[in-house]
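Sequence lines set the chain letters: A, B, ... in the order given, protein chains first and strands last, and positions in each chain run from 1.
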Protein chains: 2
Amino acid sequence: MLDLAVLGLLKEGDLHGYELNKRLKTLVGGYATSFGALYPALARLERGGWVSSTAVVPTSDPDDPTAAGRARRTRRRSGRSKSGRTRKVYHITEAGESHLLELLQEDASNERRFRLQLAFCRFLSPDRRLELLELRRAHLMGLQARGRRNPEQSTDPYVRSLFQRDRERLEHDLAWLDRLIATERNHQQGETEPMIDRSLQIEPGPDTP
Amino acid sequence: MLDLAVLGLLKEGDLHGYELNKRLKTLVGGYATSFGALYPALARLERGGWVSSTAVVPTSDPDDPTAAGRARRTRRRSGRSKSGRTRKVYHITEAGESHLLELLQEDASNERRFRLQLAFCRFLSPDRRLELLELRRAHLMGLQARGRRNPEQSTDPYVRSLFQRDRERLEHDLAWLDRLIATERNHQQGETEPMIDRSLQIEPGPDTP
DNA sequence: GGTTACATGTAACTAGTTACATGATTAG
DNA sequence: CTAATCATGTAACTAGTTACATGTAACC
């Protein structure tokens, strides 16, 4: 699962482990993010050829993707600007990119994985993306049906309350997914059936040359 | 976590592994339940002295806690009624019961664990139970505060939608928890402060005697 | 006569957590 | 000077999944 998250983040740009972990923290819901999992994952991804790494000595390097912003503020006094240690900046390879596309489509029944899949589904083609959403929807509908087939009949109020919340959460999730799917369909229609009269439909970009 | 589930289920009555797994299936939300986890857990619990087991040869034994119901329906023809194999029926020990009480109170920041804790919180004393609910509430409030301190500012619509759902889910969960806590408090008032005629000080409940 | 349910278990694997070790740099 | 942040990593642990092995018995 971390593989998916790491490759997704690296697809947006090269990063080193520490920075990856910070971004993971905001992205990942429901579980912690730890170096103890991340660094081994990065090593594994590199061995597999999905990513490559470069050791970056933190001197005042204007190409440095993360230090640039801070370096401007921090008015460095000597050659080295900040950060005590050489960083290993990771870059996603071509193999890694196609691997990411695979990871983005498998399963979707896993809550955590789907979360990551959605977070990076912009890298999928529109129809693959729709597939993913539909797959998730099918899974949730299955859960709902299963719940209705054998309804809870506990006498304990706490257990009943728990299952009540489950049902509500499921409904809410399905409604949310359906909204996502609907907008997705609209956009696809706007892009695949537009041939006639584009001039009146497509909004012009900010720069009109 | 399985320990908590198993001890909780056993506290309601003796069961064998296969039956435990079935009950787990309906109880546990968010993850699968597998024999591959359950049987080792049972062995571990037995080694630790939290449970004890008895091998039960499935003859037409009227004391059998699980076959009884079926046996009545199934009109057995010979000595042995059903089930191909001897079962190991587990019983919670006294040590197990006090261990269960401990497990019911630790942490509550873990989603899955809290689910189980709530499912068996009826075994806690009213004030301990309230503590548990408050602990969970504090955790969720912390999450909410953290989310508000550094709000998401992704440009990606899917990521934004994801975080939007997170916020809604948190709110919903908190409202649900608050309802639980409120009814809990009402019940406690009804049980611990009933003696004297407090009627002029404490706001009276819905029923005025 | 094949599928499903009952019943217990092991082995290999996946996934993540906690705690530790190490050390530079910077802000107060 | 000391606490926080940056930065990379290892080791031991927790928790659960998938797949396999093995066999009986009830149902249709």
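Considering only residues two or more places apart in sequence or on other chains, A:R115 meets the side chain to side chain donor-acceptor pair (under 3.5 Å) condition with B:D166. A search for side-chain contact (heavy atoms from CB on, under 4.5 Å) contacts involving B:E46 returns B:V51, B:S53, B:K88, B:Y90, not counting sequence neighbours. When the salt bridge (Lys or Arg N to Asp or Glu O under 4.0 Å) test is applied to A:E111, the partners found at least two apart in sequence or on another chain are A:R136, B:R169. Contacts of A:R128 classified as side-chain contact (heavy atoms from CB on, under 4.5 Å), with partners at least two apart in sequence or in another chain: A:Q105, A:L124, A:S125, A:E131.
Rounded to an integer number of Å, the gap from CG of B:N21 to P of C:dG9 is 13 Å. We find that CZ of B:R87 is positioned 13 Å from P of D:dA25, with the value rounded to whole Å. Residue A:K88 contributes atom NZ, which lies 19 Å from atom P of C:dG23 at whole-angstrom precision.
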Show every donor-acceptor pair shorter than 3.5 Å between a side-chain atom in residues 141-153 of chain B and any protein atom, with sequence neighbours excluded, or say none if there are none.
{"from": "B:Q144", "atom 1": "OE1", "to": "B:R148", "atom 2": "NH2", "distance (Å)": "3.2"}

Extract all donor-acceptor atom pairs below 3.5 Å that involve side chains of residues 24-43 of chain A and protein atoms in other chains or at least two apart in sequence.
{"from": "A:T26", "atom 1": "OG1", "to": "A:R23", "atom 2": "O", "distance (Å)": "3.0"}
{"from": "A:T33", "atom 1": "OG1", "to": "A:N21", "atom 2": "OD1", "distance (Å)": "2.4"}

Check the interface with nucleotides 11-17 of chain C: list each N/O to N/O pair with the protein under 3.5 Å, or write none.
{"from": "C:dG16", "atom 1": "OP1", "to": "A:Y31", "atom 2": "OH", "distance (Å)": "3.2"}
{"from": "C:dT17", "atom 1": "OP1", "to": "A:A32", "atom 2": "N", "distance (Å)": "2.8"}
{"from": "C:dT17", "atom 1": "OP1", "to": "A:A32", "atom 2": "O", "distance (Å)": "3.2"}
{"from": "C:dT17", "atom 1": "OP2", "to": "A:A32", "atom 2": "O", "distance (Å)": "3.0"}
{"from": "C:dT17", "atom 1": "OP2", "to": "A:S34", "atom 2": "OG", "distance (Å)": "3.4"}

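With salt bridges taken as basic N to acidic carboxylate O contacts below 4.0 Å, none links A:R179 and A:E184.
Each end of the helix from C:dG1-D:dC28 to C:dG28-D:dC1 gets its own axis, taken as the rotation carrying the C1' atoms of four end pairs onto the next four within a five-pair window, and the two axes meet at 40° to the nearest 10 degrees.
The stretch residues 99-108 of chain A does not touch DNA chain C, since none of its heavy atoms comes less than 4.0 Å from the strand.
Listed by first and then second residue, the salt bridge (charged side-chain N to carboxylate O under 4.0 Å, His left out) pairs involving residues 95-110 of chain B are B:K11-B:E97, B:E106-B:R113, B:D107-B:R113 (not counting sequence neighbours). Note on residues 145-185 of chain A: no pairs pass ring pair (Phe, Tyr, Trp, His ring centres under 6.0 Å), not counting sequence neighbours. For residues 91-123 of chain B, the set of pairs meeting the ring pair (Phe, Tyr, Trp, His ring centres under 6.0 Å) definition, not counting sequence neighbours, comprises B:W50-B:H99.
Side-chain proximity of B:Y18 to the nucleotides C:dG9, C:dA5, D:dC6 is greatest for C:dA5.
Contact check, B:K22 against C:dC6: a side-chain N or O comes under 4.0 Å of OP1 or OP2.
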